[in-house]
Engineer: 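Questions regarding the structure given below will be posed in turn.
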Amino acid sequence: MAARIFRRKQPFFSPPLLSRIYNLCPYLKRWKHTCSKEGEVVRLRDITWRSIARESSYDAATWKTLDSSSAGIMNSDISSPTWTVLKILQCKGFDAYLVGGCVRDLLLKRKPKDFDIVTTASLKQIKKNFHRSRVVGRRFPICHVQIRDCTVEVSSFNTTGRHVKERETTHSSQIPTNCDEKDFIRWKNCMERDFTINGVIYDYIDGIKDLKICKMHTIIPAHLSFTEDSARILRGLRIAARLGLQFSSEITAAIHELSSSIMTLPKSRLIMELNFMLAYGAAEPSIHLLQKFKLLEILLPFHAAYLANQTKSQPTRSSIMLMDIFSNLDKVLSADRPSDSTLWLALLAFHLALLDHPQDALVVWTFSSILYHGLWSKGMQFARENAIYAKFVPEISTSLATISDESLLEEVSHLASLVKSSSIALTSNDALQQSMARYPNQASRSDTCF
């Protein structure tokens, strides 16, 4: 199958900007965002049938087949490294398919953040055919295949999770009839996954229908799915935030009931999921959902208390500074063009500094302008000519002040030192507890996931 080859865009990254942020906030740590499998079996064909949740058995004779082009998926939409892995596996005699979230995004005319593959080859066979590869994960082991500077996640049909017996019991009465061996293998693999919208193309669970109505359902009962893996709660939130989807009532109830279970996840996993939410162009809606389901107080307790206080004290207020910051960040990021985690960490530290030490609007404008322009003189000039007073309480203390350049430089330097100090509160429980004292009625937690 012919394909036009292209390179994926590099993440949104401005070395001068980040370098200046590092100088201001040396305590901020950089975390590498990694790929996480979030999907179901897909291939460039489409077999649709009614949802497992709505039928007790299925007849393969009723399945329909559509060409991938009919669904709007073109060869040129798939990255070059992904094609390389697919073709090598297929040339070796294995079946290999695109899997999950990437196909979901392609159907929605969005650029995927990454491409994952599932194959009939075992993990040993995958490693044998790709020298630059390694198996990772204990619960759901997969193979990371390195093609040039890109990592492609490759999973095997032969690998199953530890909760397969529970799922087999759940679906024992739903095994399809009159289907061939390949369809049965794909169906069984699909039943081990998370959300229906990640199970499209080979769509055994009404994923395409759910995409059309912008609704999220789990493949098995939501309570069981989230009990199996509480990380699915965070994964579901970020998918819903990025795609503007609604949860089923079952998912909503399960998240409310099991939200605290994410505390059992390793901190590294919590940080990775938070990075996916804030660095890929959907930070504002992600924060809204985290707040709605009381997960923000686990991941970012101080900022959760701040938002709760703002909503309570100013119920008619339409603009909250923290949300405006991340709304503007979303305008320059996307799933295939994310930022480094240091950027959103610096923004959190910046906002925390303003809460603890409110500043004049001109000082804030000048601080931001210097970071953008890189030169004191140019940044100050731009700020003086373009600064507009924004009424944010309590972050902005007064209107635009008339002060000398020397005094302005001194105030901006002081703000830089405050941002540096505030960054510690994101990683230190003691510093966080001091900050949380500002909101004694809101503080339900006093530790940080960093």
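Here the structure is a predicted model, which means the values were calculated and not measured.
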Engineer: Between F350 and F367, is the ring centre distance below 6.0 Å?
Structural biologist: yes
Engineer: Classify the ring geometry of F157 against Y97: parallel below 30°, tilted from 30° to 60°, perpendicular beyond 60°.
Structural biologist: perpendicular
Engineer: Could you tell me whether a side-chain N or O of E153 sits under 3.5 Å from a main-chain N or O of T151, the two making a donor and an acceptor?
Structural biologist: no
Engineer: Please test H288 against M323 for side-chain contact (heavy atoms from CB on, under 4.5 Å), starting from the C-alpha separation and ending with a verdict.
Structural biologist: CA-CA 9 Å; H288 278 302; M323 304 311 295; 3.5 Å; yes
Engineer: Mind checking salt bridge (charged side-chain N to carboxylate O under 4.0 Å, His left out) for R438 and listing every partner two or more places apart, or none if nothing turns up?
Structural biologist: D356
Engineer: May I ask you to test the L354-L415 pair for a side-chain heavy-atom distance under 4.5 Å?
Structural biologist: yes
Engineer: Hey, does R235 have a side-chain heavy atom less than 4.5 Å from the side chain of D229?
Structural biologist: yes
Engineer: State whether the side chain of S369 and the backbone N or O of W365 hold a donor-acceptor pair below 3.5 Å, judged by distance alone.
Structural biologist: no
Engineer: From H303 NE2 over to L296 CG, what is the distance, rounded to the nearest 0.5 angstrom?
Structural biologist: 9.0 Å
Engineer: Where do P338 and L333 come nearest, in terms of heavy atoms and distance?
Structural biologist: C-CD2, 4.0 Å
Engineer: What class does the angle between the rings of F247 and F293 fall in, given that below 30° is parallel, 30 to 60° is tilted and above 60° is perpendicular?
Structural biologist: perpendicular
Engineer: Check this for me, if you would: do K113 and D105 make a salt bridge, where the nitrogen-to-carboxylate-oxygen distance has to be below 4.0 angstrom?
Structural biologist: no
Engineer: If only side-chain N and O atoms count, and only distance matters, is there a donor-acceptor pair under 3.5 Å linking E395 with H351?
Structural biologist: yes
Engineer: Given the rule in the side-chain contact (heavy atoms from CB on, under 4.5 Å) test, do L243 and R104 qualify, once you have shown the distances and angles that lead to the verdict?
Structural biologist: CA-CA 10 Å; L243 303 180; R104 174 201 67 215; 3.4 Å; yes
Engineer: Only counting residues at least two apart or in another chain, list the ones meeting side chain to side chain contact (heavy atoms under 4.5 Å, CB included) with R132.
Structural biologist: Q146
Engineer: Taking the side chain as every heavy atom from C-beta outward, state whether S230 and L265 have any pair of such atoms under 4.5 Å apart.
Structural biologist: yes
Engineer: Measure the OG-CG distance between S339 and N275 for me, rounded to the nearest 0.5 Å.
Structural biologist: 7.0 Å
Engineer: What do the steps show when you test D405 against R384 for salt bridge (Lys or Arg N to Asp or Glu O under 4.0 Å), and what is the final call?
Structural biologist: CA-CA 10 Å; D405 290 353; R384 286 192 181 279; 3.0 Å; yes
Engineer: Would you say that T84 contacts V152 through its side chain, given a criterion of any heavy-atom pair below 4.5 Å between the two side chains?
Structural biologist: no
Engineer: Which pair of non-hydrogen atoms, one from I262 and one from L270, has the smallest distance, and what is that distance?
Structural biologist: O-CD2, 3.6 Å
Engineer: Is L409 close to T366 at the side-chain level, that is, under 4.5 Å between some pair of heavy atoms?
Structural biologist: no
Engineer: Do R269 side-chain atoms and A231 backbone N/O form a donor-acceptor pair below 3.5 Å?
Structural biologist: no
Engineer: If the condition is side chain to side chain contact (heavy atoms under 4.5 Å, CB included), which residues does T119 pass it with, not counting sequence neighbours?
Structural biologist: L89, F94, A96, A121, I126, V154
Engineer: With a 4.5 Å cut-off on side-chain heavy atoms, are E411 and D360 touching?
Structural biologist: no
Engineer: Can you give me the closest heavy-atom contact between L106 and D77, atom names plus distance?
Structural biologist: CD2-CB, 3.6 Å
Engineer: Applying side-chain hydrogen bond (donor to acceptor under 3.5 Å, both in side chains) to S407 and S404, what does each step give before you reach the verdict?
Structural biologist: CA-CA 5 Å; S407 297; S404 66; 3.1 Å; yes
Engineer: Measuring from atom OG of S423 to atom CG of L348, what distance do you get when rounded to the nearest 0.5 angstrom?
Structural biologist: 11.0 Å
Engineer: What's the separation between atom CG in L289 and atom CD1 in I255, rounded to the nearest 0.5 Å?
Structural biologist: 8.5 Å
Engineer: Let me confirm one number: the NE2-CD1 distance from H217 to I251, rounded to the nearest 0.5 Å.
Structural biologist: 7.0 Å
Engineer: Looking only at side chains, do S79 and T82 share a donor and an acceptor under 3.5 Å apart?
Structural biologist: yes
Engineer: Does the side chain of L355 come within less than 4.5 Å of F302's, by heavy atoms?
Structural biologist: yes
Engineer: How far does NE2 of H373 sit from CE of M380, to the nearest 0.5 angstrom?
Structural biologist: 12.0 Å
Engineer: Can you find a side-chain donor-acceptor pair between R148 and S80 that sits under 3.5 Å?
Structural biologist: yes
Engineer: Is it true that atom CD of Q90 has more than 12 heavy atoms of other residues, nucleotides or ligands lying nearer than 6.0 Å?
Structural biologist: yes
Engineer: What closest approach, in Å, do I142 and S155 show between heavy atoms, and which atom pair accounts for it?
Structural biologist: CG2-CB, 3.9 Å
Engineer: Going through the distances and angles, do K127 and S133 end up as a side-chain contact (heavy atoms from CB on, under 4.5 Å)?
Structural biologist: CA-CA 6 Å; K127 279 185 61 65; S133 62; 3.7 Å; yes
Engineer: Using every non-hydrogen atom in the two residues, find where W376 and I370 come nearest and quote the distance to one decimal.
Structural biologist: CE3-CD1, 3.1 Å
Engineer: Shortest non-hydrogen contact from P285 to D330?
Structural biologist: CD-OD2, 3.7 Å
Engineer: Would you say that M216 contacts Q246 through its side chain, given a criterion of any heavy-atom pair below 4.5 Å between the two side chains?
Structural biologist: no
Engineer: Before giving the answer on side-chain contact (heavy atoms from CB on, under 4.5 Å), spell out for W344 and L274 the whole-Å C-alpha distance, their side-chain angles and the decisive distance to 0.1 Å.
Structural biologist: CA-CA 10 Å; W344 58 263; L274 189 59; 3.9 Å; yes
